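FYI, side chains are in, hydrogens and waters are out, and symmetry mates aren't considered; it's all heavy atoms of this structure. When a residue number appears, it is its place in the shown sequence, counting from 1. Owing to the predicted nature of the structure, the values given are computational and were not obtained by experimental measurement.
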Amino acid sequence: MRACLLSEDKNTESSEKITESFEIAKESLLETISDAEVNSRISFEEFTDERLLVSHNAMGTKQMKIKIIEVSDENQPQKWRFGDRVKVIKILVTIKHLTTQQVEEAEFDIEAIEREIMEKRHYSSTNRWVPAEDIQNGYVKRDKHTRLISDAHSLDYIIF
């Protein structure tokens, strides 16, 4: 019984030493963070999750991200019905091949592509009005990607 008590005392002493060394390490880590780093952090409202901006192809081998380069200053029709929207003119499409880590970028003038498809195929499927809440940090959310690239895809400018 005495041997059990001695081993328990040794265990408590070693666990106390471990917690003391952990506290010292924790304090030293906290001291290394400067005030500039703390003040440079972004707020929760400004944070954008990368997963919201990236879409994948059906096979899961490519990722696509769309950045808005130019928007129109045209007033939107029926703001009361559809909310705040922005008419997109030019976009930058970035496609990353996950198997080879190769990155492709191309700039598209959606307005010119829309005119071209109306002339060649007599229709247009592009809806260039994107809701303002679906744009974060200049990038379009992934569920609006098909809306912007549908005409370019039908003319084989983009193969995704």
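- Nearest heavy atoms, E74 versus K87: OE1-NZ, 3.0 Å.
- Rounding to the nearest 0.5 Å places NZ of K141 at 14.0 Å from OG of S55.
- Atom CZ of F108 and atom CG of L148 lie 12.0 Å apart (nearest 0.5 Å).
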Quick one, R115 with E119, criterion salt bridge (Lys or Arg N to Asp or Glu O under 4.0 Å). Give me CA distance, side-chain angles, the key distance, then yes/no. CA-CA 6 Å; R115 276 188 259 121; E119 292 171 7; over 6 Å; no
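- Under the 4.5 Å side-chain contact rule for hydrophobic residues, V71 and I110 share a cluster.
- In this structure the side chain of R121 reaches within 4.5 angstrom of the side chain of L155, judged on heavy atoms.
- Heavy atoms only, all atoms of each residue included: D84 and E133 are closest at O-OE1, 4.4 Å.
- Taken to the nearest 0.5 Å, the NE2 atom of H56 stands 10.5 Å off from the CE atom of M64.
- Follow the hydrophobic side-chain contacts under 4.5 Å out from I66 and you never reach I89; the two are in separate clusters.
- With rounding to the nearest 0.5 angstrom, the NZ atom of K67 is 10.5 Å from the CG atom of L53.
- The side-chain contact (heavy atoms from CB on, under 4.5 Å) test with M118 is passed by exactly one of E116, K120, E114: E114.
- With sequence neighbours excluded, the residues satisfying side chain to side chain contact (heavy atoms under 4.5 Å, CB included) with I69 are K90, L92, E107.
- Residues L52 and V54 fall into different hydrophobic clusters, defined by Ile, Leu, Val, Met, Phe, Trp and Tyr side chains chained together at heavy-atom separations under 4.5 Å.
- The salt bridge (charged side-chain N to carboxylate O under 4.0 Å, His left out) test with D134 singles out one residue from R142, K144, R85, and that residue is K144.
- Side-chain polar atoms of H97 and Q63 form no donor-acceptor pair below 3.5 angstrom.
- Side-chain contact check for I149 versus I91: some heavy-atom pair is nearer than 4.5 Å.
- We find the CD1-NZ distance between I159 and K62 to be 7.0 Å, quoted to the nearest 0.5 Å.
- Under the 4.5 Å side-chain heavy-atom criterion for ILVMFWY residues, no single connected hydrophobic cluster contains both Y139 and W129.
- Annotation: the span from H153 atom NE2 to I117 atom CD1 amounts to 11.0 Å, rounded to 0.5 Å.
- For Q101, the side chain to side chain donor-acceptor pair (under 3.5 Å) partners two or more places apart in sequence, or in a different chain, are K96.
- Counting only heavy atoms from C-beta outward, the side chains of V103 and I95 never approach each other to under 4.5 Å.
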